[in-house]
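Order of listing sets the numbers, starting from 1, for every ligand and every atom in it. Along the sequence shown, residues carry numbers from 1. The shown structure was predicted, so the numbers you read here are calculated from the model rather than taken from an experiment.
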Amino acid sequence: MSTMNTNRVRAIEKIAAYKGDYSVSEASFPPEEYGKYVFSEKMIKKYLPKESAEKLLATIREQKPLDPTIADDVANAMKEWAISLGATHYTHWFQPLNGGTAEKHDAFLELSETGEPIKVFSGKKLIKGEPDASSFPSGGLRCTFEARGYTAWDPTSPAFVKRHRNGTTLCIPTIFCSYNGEILDKKTPVLRSIKALEKAVKRLMALFARSEKPVKVSLGAEQEYFLIDRNFYLNRPDLVQTGRTLFGSAPPRNKQLVDHYFGSIRPEILAFMTDVDHELWRLGIPSKTRHNETAPAQFEVAPIFEELNVAVDHNMLLMDILKRTAIRHGMVCLLHEKPFAGVNGSGKHNNWSITYGGHNLLNPGSNPEQNAVFLTVLAAIIRAVDLHSDILRASTVSAGNKYRLGMGEAPPVIISISLGETLTEILDRLGSHEEVASKPAEMMRIGVDTLPPLPRDNTDRNRTSPFAFTGNKFEFRACGSGQSCAGFNTVLNTIIAESIDVIAERLEKLDRSDKEAFHTGLTAVIAQIIRKHRRIIFNGNNYSPEWVNEAERRGLPNVRKSIEALRAYIKPENVEMFSRYGVFSKAEIVSRFEVFRNDYHSRVRIEGGMALEIARTMILPVVNRQYREALETLQAARGAKSKHGIAAAENLADSFGDLLDQLHQGCEALETALGGEHEGIIDNMKRLREIVDHAEDMVDDALWPLPKYREMLFIYN
Ligand code: ADP
Ligand code: MG
């Protein structure tokens, strides 16, 4: 037994010994519990004096600054409501640049003069917090000695209560900025970009609609994740430290059997999902679908789309809940984009749409007027994505997503739009407007012709496109599972606002008193945009090598390197656009670039250090031991009477000796690389991985220290 690797074996034994919990309890999802943990409109009305409630609701609806005179009322109401749900503490809940969420808890406790506890929460504390911010990334915006940062309440995202095992905490969504007012979080730019887009849409719609109506941007984020047993996780220092496996040989049974996707969900997993849904239910997060995903041990959850601001927060909460619930089930939820090499990674499909007065502008519609609006908005999006694909690409950069994009399982880093054949044909006919002007019968005229009904299924089929039109929304699929939705949507809103403005400006010059003339002019504007930006439309297979060549021929950027891609943020024209739209000041966008770059570099460095440690202290000793044993066998075989086994022993000793050399050299090389640039680290990690994975295929299974892919991935399959 002493030869067995005890950690790994013990992990498997523990899992095998677990008899399973077959007791059946019914989770209930009563309607009155939906959103119970949200300080909703209903709760606002219940807990606030009538006048203050009305003022607060107006603030929320019109997204206006809060009337400070009602702050104390609101704080008190929130406190009473939260205490009724067991809260002892409150926290300003915010989204710093490290990509997660942050909270610093304060008890509602104060002491009276006689030392009695009193529960208080003031308007001042609600509106503004001053956490010591020195440990959050700021990209140089705030020196560490100026530790002060401010959190400011964002009334447009509702406060909520977060539960833990024996209590609850009142969470107040806030934005986070520096002493000088520069933003240090991921949420503020989302809010600013929504404002910018709203303004542009209202400007455009003034040309079509009789009265101004509210604009709403929506997001439905599909979330993919892996679940593995915690016993395995704890024996994989790479997973614990970096979120992904740095080593691991792909098992014989891998992708060949497409038996997991949409398969029947295992009871253990379903119990987990139900608990997640239960938690989401109480937080008013409308969880809609759950299913097995493509890879073994991979799953997906998707809520119904919501107003963008809230959906961004909800996705952050969802990721948190997935992780916390997994622990309760003896599992670990991996949100990394590529936890297992050679196995499909995880994405986050970002479904985006926009409405005006409740009408979805991405709905082709049933009358010429609606078609005109639809085609105009579509043209704006096509222009935006073609002109700014660089920043969209930048928004998908993460140390994890780099292993997923363009690997024949997820969209490539070349950004293109898929529209489906029918819609593309319509646009092409529009685009060729001038050329076919002599043949009016074939000419399509906006505002006169009605679009043929677009078959939804048809447009939905291209699963390889990074940016697909799916009937009434755009689905950005290059997004990483572990990333916050804030970044992609800030970029999307801003670039689309810019294009809508450009189109609106052209249309404003047309004579609007003559409807016919206006529509002819509009057709010309759209036709010109289609012709100019047609190259971004691609309905074919984005995974195929031919597309790479075709994209190059079309002049579409193909920026493979993450840091190079990130540089799009600081291109002068992009800096100018972000600041013109009030989304980022120059200092803010530059600081973001610094933060993302540092984050990327640190993660690569941590991975490199971890890979070296595992290879040296866990793998090298077993290879060493195997080599020694092979030598002993060889010696014994040579001394034996029989000639059998000598050739094999020679062969084994040779193989293990060679492996030992390679492994030793691989470690030395990685160690040297760790003193240099990140690219050297990545290359050397890759080389070392090949050696270690080869070792995994050779070394005595009983000696192998790391839980194997075939164990981790198939336990719940
Ligand atoms: P799939 O991409 O899996 O075929 P669905 O049609 O079920 O997906 O939608 C996926 C996500 O898109 C869900 O979160 C859904 O709520 C969201 N979604 C649906 N319609 C819209 C819309 N108009 N705007 C934004 N998101 C939407
Ligand atoms: Mg989808």
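Among the atoms of Asn351, some N or O lies under 3.5 angstrom from an N or O of ligand 1. At a 3.5 angstrom cut-off on N or O pairs, Glu300 does not count as close to ligand 1. An N or O contact shorter than 3.5 Å is missing between Leu219 and ligand 1 by distance. The shortest N or O to N or O distance between Phe305 and ligand 1 is under 3.5 Å.
Looking at Ser28, its side chain never comes within 3.5 Å of a backbone N or O of Pro30 through a donor-acceptor pair. Not one N or O on the side chain of Tyr225 forms a donor-acceptor pair closer than 3.5 Å with the backbone of Ser346.
Lys348 pairs in a side chain to side chain contact (heavy atoms under 4.5 Å, CB included) with only one of the listed residues (Glu224, Glu222, Met319), which is Met319.
Note on ligand 1: Gln223 sits outside its first shell, no heavy atom being nearer than 4.0 Å. Taking a 4.0 Å cut-off on heavy atoms, Lys288 fails to register as neighbouring ligand 1.
Scanning for salt bridge (Lys or Arg N to Asp or Glu O under 4.0 Å) contacts around Arg592 gives an empty result, with sequence neighbours left out. The salt bridge (Lys or Arg N to Asp or Glu O under 4.0 Å) check on Arg282 picks up Glu279, with sequence neighbours excluded.
Under 4.0 angstrom from ligand 1, the non-hydrogen atoms of Glu475 all belong to its side chain.
In Arg328, the CZ atom is crowded: over 12 heavy atoms of neighbouring residues, nucleotides or ligands sit closer than 6.0 Å.
Side-chain atoms of Asn539 and Thr424 form a donor-acceptor pair, as typed in the model, at a separation below 3.5 Å.
In summary, the atoms of ligand 1 found under 4.0 Å from a heavy atom of Gly220, numbered by their order in the structure, are 14 (O), 26 (N). Short contacts between ligand 1 and Asn360, defined as distances under 4.0 Å to a heavy atom of the residue, involve ligand atoms 23 (N).
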